[in-house]
Amino acid sequence: NESLSHSVSAGETVYVQVAGMPPAPGLTSATHPDYDLDINFGAPPLISPIEFQQTPQSTPITIPFTVSDADTPLNSLLLGGQSSETSVVPTGNISFAGSGVNRTVTITPTPGATGFTIITLSINDGQTTTTEGFTLIVAGVNINRRPTDRKSTRLNSSHIPLSRMP
């Protein structure tokens, strides 16, 4: 048993000749009584870029994106997601929907949590995994409250030096 490896780029044409077989341009698979040959020069799966996102505290966000793969049926692609800050968004709170080229990811922050996290989406075609990351800010809710202790918020003008502008 001998093995041969060669790195190729997507779209690169490779000519393969196995003893006893004529050369075959664009060969993707072939068999020979003495050899099994399985070659895959496919393009990796891709996820469209996702820009910076923001959601209010305790509010899920649904983000549309697209997927593509030149040589794998789109409904066969596997999607995954991870959060860099699981106290803000647990990885289990990342879910996917859609089919074909159009997909969505719904991200549900931890109730009451605020902060930021890097969300990394992954796509796998059975051979290659590609990732796309973006920042998600979970912002605190700005509630306009009245002060409970008016003295602590009242300004005493006698303690502020004033000067006349020329």
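Nothing fancy with the numbering, it's 1 onward along the sequence. Every value quoted in this text rests on a predicted model; they were computed, and no experiment measured them.
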**Q.** Euclidean distance, T66 OG1 relative to R103 CZ, rounded to 0.5 Å
**A.** 10.0 Å

**Q.** Closest heavy-atom pair and its distance - G112, S58
**A.** N-OG, 2.8 Å

Q: Mind listing the closest non-hydrogen atom pair of T114 and A139 along with its distance?
A: CG2-C, 4.0 Å

Q. Minimum heavy-atom separation for F134 to I50, with atom names?
A. CB-O, 3.3 Å

Q: Using a 4.5 Å cut-off on heavy atoms from C-beta on, say whether the side chain of T108 contacts that of V89.
A: no

Q. Quick one: side chain to side chain contact (heavy atoms under 4.5 Å, CB included) partners of P45, sequence neighbours excluded?
A. D69, L77, I123, D125, T128, T130

Q. Between F96 and G80, which heavy-atom pair has the shortest distance, and what is it?
A. CZ-O, 3.3 Å

Q.
Going by the rule side chain to side chain contact (heavy atoms under 4.5 Å, CB included), which residues pair with T120 if we only count those two or more places apart in sequence or in a different chain?
A. I118, T131

Q.
Would you compute the distance between atom OG of S122 and atom CG of L78 and round it to the nearest 0.5 angstrom?
A. 9.0 Å

Q) Taking only residues two or more places apart in sequence, or in another chain, which ones meet T106 in a side-chain hydrogen bond (donor to acceptor under 3.5 Å, both in side chains)? A) T62

Q: State, to 0.1 Å, how close P49 and E132 come at their nearest heavy-atom pair, and which atoms those are.
A: CA-OE2, 3.4 Å

**Q.** same_hphob_cluster(L46, V67) at 4.5 Å side-chain heavy-atom cutoff
**A.** no

Q | Co-members of the apolar cluster containing F52 [side chain, <4.5 Å] | A | F116, I137

Q: First locate atom CD1 of I119, then atom OG1 of T135, and finally report the distance between them rounded to the nearest 0.5 Å.
A: 9.5 Å

Q: Apply side chain to side chain contact (heavy atoms under 4.5 Å, CB included) to T110 and list each qualifying residue two or more places apart in sequence or on a separate chain.
A: P90, A113

Q: Show your working on side chain to side chain contact (heavy atoms under 4.5 Å, CB included) between T55 and I107 and close with a plain yes or no.
A: CA-CA 10 Å; T55 189; I107 302 165; over 6 Å; no

Q: Before giving the answer on side chain to side chain contact (heavy atoms under 4.5 Å, CB included), spell out for F65 and L121 the whole-Å C-alpha distance, their side-chain angles and the decisive distance to 0.1 Å.
A: CA-CA 11 Å; F65 64 98; L121 305 183; 4.3 Å; yes

**Q.** Of all pairs that satisfy side chain to side chain donor-acceptor pair (under 3.5 Å), the ones with a partner from residues 82-96, not counting sequence neighbours
**A.** S83-T117, S84-T117, E85-S87

**Q.** Spacing of OG belonging to S99 relative to CG belonging to N75, to within rounding of 0.5 Å
**A.** 5.0 Å

Q) Which value, rounded to the nearest 0.5 Å, describes the distance between L79 atom CG and I94 atom CD1? A) 12.0 Å

